[in-house]
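What follows is a short report on a single structure.
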Amino acid sequence: MTIPISWYLLLSAFLFACGVMGFLIKRNIITIFMSIELMLNGVNLSFIAFATRFGTLDGHIFVFFVMVVAAAEAAVGLAIIISVYRTRETLNVDRVNLLKL
Amino acid sequence: MHIFLFLLFGLLCAGGAINLLIQRKPINSALSLIVVMGSLALIYLLLGAEFVAVVQVIIYAGAIMVLFIFVIMLLNAGEEEHTKGSKVAKIIGIPGLITGFIIGVSVLLQHGPQEKRIHIGELYGSASDVGMMLFTKYLLAFELTSVLVLIAIMGAVVLARRSHSS
Amino acid sequence: MSVLTFLIVAVIKIAITLGVLLTVVAYTVWLERKVVGHMQNRWGPSRVGPFGLLQPLADGIKFLLKEDLTPPYVEKHIYLIAPVIALVMALTSIALIPIGPVVHLFGISTPIQITGVVGATGQPGDIDAGLLIVLGITSLGVYGIALAGWSSNSKYSLLGSLRASAQMISYEVSLGLSLVGVLLMSSTLSLRGIVDAQLGTWFGFIPQWFLFRGQFIAFFIYLMAAFAETNRVPFDLPEAETELVAGYHTEYSAMKFAMFFMAEYANMVTVACIASVMFLGGWSGPPMPFLPAAVQAFLPLIWFLLRVFFFLFLYIWIRGTLPRFRYDQLMAFGWKFLFPLALANVIVTAFFVAIRA
Amino acid sequence: MKLFFWQPWLIPLLPLVGALINGLFGKRFSKSVVASIALFFTGASLLFASVHAYTLLHSGADALETSYGTWIRAGSFAADFGIYLDHLSLVMMLVVTGVGFVIHVYSVAYMEHEGGYYRFFSFLNFFMFFMLTLVLANNYLLLFVGWEGVGLASYLLIGFFFQKDSAANAGKKAFITNRIGDFGFLIALFLLIQHFGTLRFATVFNIASSLPAETTAGLLTAIGLLMLVGACGKSAQIPLYVWLPDAMEGPTPVSALIHAATMVTAGVYMVCRSNAIFSRAPLALLAVAIIGALTSFFAASIGIVQTDIKRVLAYSTVSQLGYMFMAAGVAAYSASIFHLMTHAFFKALLFLGAGSVIHGIGGEQDMRSMGGLRKYMPWTFWTMLIATLAISGIPPFAGFFSKDEILWQAFSSPHGSKIFWAIGIITAFMTSFYMFRLIFLTFTGEYRGAQQDAHSAHADHGHVPHESPWLVLAPLVLLAVLSIIGGWVGGNRFEHFLAPVIQKVQTESPRLQVAESAAIPTSEHGEKTGESKALETSLMSISVLVAFSGLGLAWFFYVKRPELPGKIAAASGGLYKLVLNKYWIDEVYSAVIIGPLVALSRAFLWQIVDQKVVDGSINETATAVRGVSHVVRQQQSGLIRSYAGWIAAGAAVIVAYMVWMGTR
């Protein structure tokens, strides 16, 4: 028994939507950041699914790049979060609305 | 077998994602995300992407999420407080998201790729294949990414450093 | 080979491996106490059984029978799941290690490796990205420690786990890079393939181990990084008892503590196994045709265990010898010495591989 | 002579360089450095002008035109940066640079004790630049640039003592009055562009002279009349002369240079330059003559009763400019330019002398407070006397020749009339009278300033009249020499000299037939017939007689019987008052034009257009922007989740749109 690719794509869409939802409803800046990672993962899944669908490896390469970017983003983003926390003493994005440190 | 594995890991994945949203403590959300990432790695394996699956575990679960948890621990991020915050997110964002999701899913169900069936164990995308492609077709992008990572490292160091003046 | 036999064989292999591994872990503890005791001019365990050989058993029973305390202010779920994660990850990684060649028992041929299968050609098969999977699983092991420290809600635990997380992330980079040289020379990620690449000798007696083929610097880096990964002396900062009581497992007791304990020693064993496979030729050894066939069948196993034992002894030896690092020294050593060295090793190795090819 | 710096464009540009140097860096220079720079560049300009004049005269060419590339190109219309050097611009150029240089020298000492020394010289050089641009331009547009530029310089210099309200107001008055004239001039230029397609002198005049008179008379008349409006503004003719007397608020060298010798003659120059147009538009020419005659008469009559020494000279200038216009109006362009030149000499001299007087007695300008200055400042007296003789038309001084030429032409020219001649003679009489009145009041009798000074605050400073320093006197002497010999070239020779410039009208266009003109046999150039020679001589003797009688009357009134003028004034009552108050012209303007304009501006432009429409629209715009901003500002809340909400909604819209596009 095999399953069609669109199932994977549905899962991917669901993960992405969950990520967006997390961005919309979560207050903790770290959780929001994690929602972004969730979105990236959803996109990665669609890449892999399409790579399998078309029998090429390009999708895999894209996933690599996404991962690298995600890693870079995590490094910088978490550094920003740390410095924000140092000055604002909060992780609630609703309280960090001055758009500066 | 395939559908069983897919359903198992897919549901694990979806459950993790939902749990990420439900949990009030960042650490629980992070753990849910780790679950999502782990099951995603297995789903990649189902799709035959062997190398990507392993890298997913090493980089995402092993490095990025550890970093998240490290920061959560460092900042001692406790339970999320409930602030009023933005009405826009509730009034416009969530309906918009749901609408978009429904449209996307309906399109996928109607027009999504149905024909290609994949079989379990058909592994391709081994390290050497991916490496060949990475260092030929995508060499420029690869080098640029390395520059990006370098800049990100420097940025992170600069940002996280305590200023000496204060 | 039918699915049923496959499953039966797999279960048997898992059971044997688990048993052997746990025994080894238990007796490593005994060995450590004994060796360190002798190094420190005392006897070590000597009361329970001859030479204190039953001491691990007694310890195990004690752990089982102790009251299982759960402090009231902990994050309960995470607190409970943390030692499980640690132990599971430590035990899982051993599944990918090839311990010996194919054995033929009861008409069934199977490699001495849980994840190994015999392919259609009769050649033993292995997961292509075996080494990466091992690395991935060990990298997940950090969660056990980090979560344990976090959930304990205690400053000692938190500090210990923070140290452990930072240390493990840092040294994982050097550890991975030190293996790249070997991967370049063997041009495979399969552990069995790597062992196969080291078969053969020069002049009939010098084995063609990667250790002797220019990877001694990588071996040194790997050893350092592995000590740090397993939180062993001289890198046992996460559980530096003079500063942090017991580090991340301060709040754990009884069987939960035992799980961390076992995880640590299992990790030691895994790391030793990988070192053997990567640098010391795995189970290869000099042929001993004068021995009976039944013994010969187990010779690779013995060779392998000898190597693992060597590494374990090395751990203990260093523990009895070296003092603990300071934390900033540890970080500086990892990032400013080991990491560049590993990078240099990769570059030089890649250079030579490119010239040879 | 192909050297770069021999190009004629250096003539106007040199003063500009001086102006820029002084204007930008002069504040840090000492006064001597500032003066040296200004003098150097003006002198260099004079030198180049002389060299080029020499070159032109010896080349035998009628005109040298040099173009330095296109300035403006719009469709088929193009205007060049070009220099047009012919005999007319040559005369003007030499007058401007020569008199200008002399006045610069004069200013060095005269402005010594005034503030803003560098500013003054910078403006003065600036004026020289624009005046030379005006004179040397090869097209009307460049001429207009110079035209406006001298207006600007004039405004700046009239208001040089800008802390004085009257000076600032006089500057504004001059500027605004000139705008009215410029308005007419601009329309004339538009008409030229529309009908001739170019503004280049040579082309315009060629077209104008080649077209049949019948078809273009109306157009040329319109252009001529509009140009006349411009010329009236610039040259202070009726009805736009009112600014010039007020312009005397500026420093005296400025009055001499700009408001007597050069700038105000720009209108005359322009009319003469455009003689090809005017000659084909008899109606316009007649208008020029009438305006000139009226102006000369009115201004002279006002001049008789003025007591301010500079105002007398100002009205005299207006009057003499009227003379020039009258000459131009009877198509005696060369006579007009001749008078322009001589007038430049003696009027500059008069102003400079007046400046010397004012300087000598400590700033007093009222002639009633002067008197007997002859013994204190003999040099000034003698030079001014020469100028007065010259302006009064007493032979053999310069003014005699030019004035006589004008009177003769007014009488004899086919465009002339005896009426013009009669007005000219009466004006000449009045001129002679008020000029000698000035001389007698100022230099003869007893000094009347002392007793007034006695009870003024700064009596102790001892404003004993004294002679001016040699740097002031040298220009006076130089100009006095010119005032004597300036006319000796003679009207005929001057006419020959300018002949290439003045286009002859061959057509027998229906001209204003003056009955007498037919009776006088004239040839427009060449030898005058014996009969006309006799007529000319008799007319000449009449004018000399008139001049002397004016002298005599002035002597009688102000030396012999000094009490008489007051009695006559009392007796004539209303007339005297009318003349004294300059025919109430300023008041009439104020009531007829300015008053309604101010009222209209206040009621409509200010309170409705500005406050309601302009301000209102601006305020409403601001309010609207603020309102919109208030809404938009809400979006930049800094709340990341709001941003995410918008992004999510936007993404949904895009997805929906793309799906819709795909399924359509």
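Here the structure is a predicted model, which is why all the values come from computation and not from measurement. By convention in this document, chain letters (A, B, ...) are assigned in the order of the sequence lines, proteins followed by strands, and residues within each chain are numbered from 1.
Note that CE of B:Met65 and OG of C:Ser139 are 13.0 Å apart. Values are rounded to the nearest 0.5 Å. Here C:Leu135 contributes atom CG and B:Ile58 contributes atom CD1; the two are 5.5 Å apart, rounded to the nearest 0.5 Å. Separation of atoms CD (B:Glu50) and CD1 (C:Ile133) is listed at 7.0 Å; rounding is to 0.5 Å. Expressed to the nearest 0.5 Å, how far CG of B:Leu74 lies from CG of C:Leu158 amounts to 8.5 Å.
Considering only heavy atoms from C-beta on, B:Leu31 comes within 4.5 Å of C:Leu147 through its side chain.
For the residue pair B:Met73 and C:Ser165, the shortest heavy atom distance occurs at CE-OG, 4.4 Å. Pairing each heavy atom of C:Trp150 with each of B:Ile72, the nearest pair is CZ3-O, 3.9 Å.
B:Met132 CE: 12 or fewer foreign heavy atoms inside a 6.0 Å radius. Applying the 6.0 Å contact sphere to CD1 of C:Ile81 captures no more than 12 heavy atoms from other residues, nucleotides or ligands.
Annotation: maximal heavy-atom pairing with chain B below 4.5 Å, among C:Ser187, C:Gly136, C:Ser151, occurs at C:Gly136.
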*Could you walk me through whether B:Ile34 and C:Tyr143 pass the side chain to side chain contact (heavy atoms under 4.5 Å, CB included) check?*
CA-CA 10 Å; B:Ile34 293 166; C:Tyr143 287 116; 3.2 Å; yes
_Worked verdict on C:Ile137 versus B:Val57 for side chain to side chain contact (heavy atoms under 4.5 Å, CB included)_ = CA-CA 8 Å; C:Ile137 292 170; B:Val57 172; over 6 Å; no
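Residue contact with chain B, scored on non-hydrogen atoms closer than 4.5 Å, involves the side chain of C:Leu140 exclusively. Residue contact with chain B, scored on non-hydrogen atoms closer than 4.5 Å, involves the side chain of C:Ile78 exclusively. Looking at B:Val54, only its side chain comes within 4.5 Å of chain C, counting heavy atoms on both sides.
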